[in-house]
There are 2 protein chains.
Amino acid sequence: MAARGAVQAHTHNHKACIDDALKTARELCAARGVQLTPLREKVLQIVWKSHKPVGAYDVLDELSRSHKSARPPTVYRALDFLMGEGLIHKIESLNAYLGCVEAGAPHAGHFLICRKCGATEEIVDPKLEAALDQAAKRARFRAERQVVEISGLCAHCTG
Amino acid sequence: MAARGAVQAHTHNHKACIDDALKTARELCAARGVQLTPLREKVLQIVWKSHKPVGAYDVLDELSRSHKSARPPTVYRALDFLMGEGLIHKIESLNAYLGCVEAGAPHAGHFLICRKCGATEEIVDPKLEAALDQAAKRARFRAERQVVEISGLCAHCTG
DNA sequence: GGCGTGATGATACAACATAACAAACGCCGC
DNA sequence: GCGGCGTTTGTTATGTTGTATCATCACGCC
């Protein structure tokens with residue numbers, strides 16, 4: 001499935017990737033009894049346009065084409081909803097947002113962010129999760145949220 | 001030494017902790033031939049006033065008492081200098097800054113952030129570092145910077 | 001003295017995010 | 001039908017965080 005696991009951002013079929021993400025989102029929201037309204041779905045689609053994190057005001061610019069009344073709160077509310085449902089992540093080090101490739105499975109998001117091409121890969125690594133849990137446990141710290149963002153150069157850009 | 005390793009933010013002698021951090025900073029800057037000017041040292045001292053991350057504009061408020069001419073660029077320039085010398089870290093998830101307890105030893109900063117009391121502990125954990133390196137390596141990603149911020153409740157606040 | 005470099009002063013602005021209240025919409029019980 | 005309620009969206013304004021740009025100052029050096 002195009003949107004799962006280690007996404008090859010430079011080579012994959014991104015249209016299928018978006019379609020899949022939107023389909024998953026519709027199913028999840030239906031199952032949960034929450035409303036993935038046209039506005040929210042449009043925002044999700046905009047965030048998914050690439051595998052690069054997108055800023056809220058970029059979303060707003062794009063959204064404004066179809067939604068003339070869109071304003072910052074319009075966008076932030078939609079982003080908050082989507083984050084609440086686990087459909088997107090916020091990349092804290094960039095103040096930007098990214099589609100979640102594991103929507104539906106509760107998880108912390110861990111990311112590899114290429115500073116050259118901007119492509120950002122969400123990684124799922126049990127060993128890393130274990131190491132994070134252990135580190136918190138050692139300090140008798142009750143972890144609730146993990147922000148793990150590794151920036152550098154992706155395989156494609158070092159090549 | 002008060003400022004080293006796992007700081008017990010709730011119990012330790014913080015005055016000694018600040019003094020130690022400032023002393024280390026002066027020594028490091030002298031050794032490197034860079035200028036820890038009075039302005040920069042004052043900013044460092046303000047950041048070190050607690051073990052809670054402090055916002056740039058909070059630094060500015062505090063700095064203004066002694067430096068009437070201080071403006072946002074004044075503060076951001078000092079913070080940039082201090083980060084460049086590895087004397088403070090930026091906590092991305094809070095847009096705030098924190099004194100570095102391992103100044104002088106190049107390292108990624110990994111943090112445990114208590115959402116209740118705000119105390120933020122910098123952790124040094126070789127296993128976590130190894131897990132992060134491995135995760136990047138597996139994706140053939142050349143890591144340059146790591147942002148690792150775990151928020152939740154500290155040992156003191158879980159009771 | 002004149003020059004180069006690094007640090008600070010000063011003004012303006014850009015980028016990111018939220019507060020607060022109003023209006024619209026669907027749903028449900030009556 | 002319609003009145004009340006919860007959810008979503010509209011609207012205006014403002015708060016917070018961070019930079020760009022150019023001027024000025026201090027110091028060492030030849």
Side-chain angles (χ1 to χ4, degrees), chain A residues 25-26 29-30 32-47 52-85 87-98 113 118 147 149, chain B residues 25-26 29-30 32-47 52-85 87-98 118 145 147 149:
Chain A
R26 280 188 291 261
C29 289
R32 292 172 181 167
V34 296
Q35 303 177 52
L36 186 63
T37 61
L39 176 63
R40 289 165 173 173
E41 188 170 331
K42 181 70 187 174
V43 169
L44 180 59
Q45 185 191 95
I46 291 168
V47 171
K52 303 177 186 182
V54 57
Y57 279 69
D58 292 336
V59 172
L60 177 55
D61 285 348
E62 180 74 16
L63 182 62
S64 295
R65 299 184 192 178
S66 55
H67 250 88
K68 284 190 56 179
S69 67
R71 296 285 180 279
T74 317
V75 170
Y76 282 103
R77 286 192 288 229
L79 293 172
D80 285 347
F81 171 85
L82 295 170
M83 280 192 288
E85 297 302 323
L87 300 172
I88 64 173
H89 292 285
K90 179 173 186 183
I91 305 299
E92 295 287 351
S93 58
L94 298 175
N95 293 321
Y97 303 83
L98 183 69
I113 307 166
V147 173
E149 301 169 9
Chain B
R26 280 188 290 261
C29 289
R32 292 172 181 167
V34 297
Q35 302 178 52
L36 186 64
T37 61
L39 176 64
R40 289 166 174 173
E41 187 170 331
K42 181 70 187 174
V43 169
L44 181 59
Q45 185 192 97
I46 292 168
V47 171
K52 303 177 187 182
V54 58
Y57 280 70
D58 292 336
V59 172
L60 177 55
D61 286 346
E62 180 74 16
L63 182 62
S64 295
R65 298 184 192 179
S66 55
H67 265 81
K68 283 188 57 178
S69 67
R71 296 285 181 277
T74 317
V75 170
Y76 281 102
R77 284 192 289 229
L79 292 172
D80 285 346
F81 169 85
L82 295 169
M83 281 192 287
E85 297 302 323
L87 300 171
I88 63 174
H89 292 286
K90 179 172 187 183
I91 306 300
E92 295 287 352
S93 58
L94 299 175
N95 293 320
Y97 304 83
L98 184 70
R145 183 182 177 219
V147 172
E149 300 170 10

(request) Could you tell me whether the side chain of K90(B) reaches within less than 4.5 Å of the side chain of N95(B), counting heavy atoms only? (result) yes
(request) Tell me, with the steps shown, if F81(B) and V34(B) meet side chain to side chain contact (heavy atoms under 4.5 Å, CB included). (result) CA-CA 10 Å; F81(B) 169 85; V34(B) 297; 4.0 Å; yes
(message) Nearest whole Å is fine: how far is dT8(D) C1' from L82(A) CG?
(response) 14 Å
(request) Report yes if at least one side-chain N or O of Q35(A) is closer than 4.0 Å to OP1 or OP2 of dT8(D); otherwise report no. (result) yes
(request) Would you check if the side chain of E149(A) reaches a backbone N or O of I91(A) as a donor-acceptor pair within less than 3.5 Å? (result) no
(message) Below 4.0 Å from chain A heavy atoms, what is the first contacting nucleotide of DNA chain C and what is the last?
(response) dC16(C) to dA20(C)
(message) For residues 71-85 of chain B, which residue pairs pass the side-chain hydrogen bond (donor to acceptor under 3.5 Å, both in side chains) check, not counting sequence neighbours?
(response) R32(B)-E85(B)
(request) Could you point out which residue of V54(A), V43(A), L44(A) forms a side-chain contact (heavy atoms from CB on, under 4.5 Å) with I88(A)? (result) L44(A)
Report, one pair per line, the protein and nucleotides 15-24 of chain D atoms (nitrogen or oxygen only) whose separation is under 3.5 Å.
unit_1	atom_1	unit_2	atom_2	d
dG18(D)	OP1	K90(B)	NZ	2.5
dG18(D)	OP2	Y76(B)	OH	2.9
dG18(D)	OP2	Y97(B)	OH	3.4
dG18(D)	O5'	Y76(B)	OH	3.4
dG18(D)	N7	Y57(B)	OH	2.6
dG18(D)	O6	Y57(B)	OH	3.3

(message) One pair to check against side chain to side chain contact (heavy atoms under 4.5 Å, CB included): V75(A) and Y57(A). What are the steps and the verdict?
(response) CA-CA 8 Å; V75(A) 170; Y57(A) 279 69; over 6 Å; no
(message) Between L39(B) and L63(B), is the side chain to side chain contact (heavy atoms under 4.5 Å, CB included) condition met? List the steps.
(response) CA-CA 9 Å; L39(B) 176 64; L63(B) 182 62; 3.9 Å; yes
(request) Examine distances only and state if a side-chain atom of E62(A) and a backbone atom of I46(A) form a donor-acceptor pair shorter than 3.5 Å. (result) no
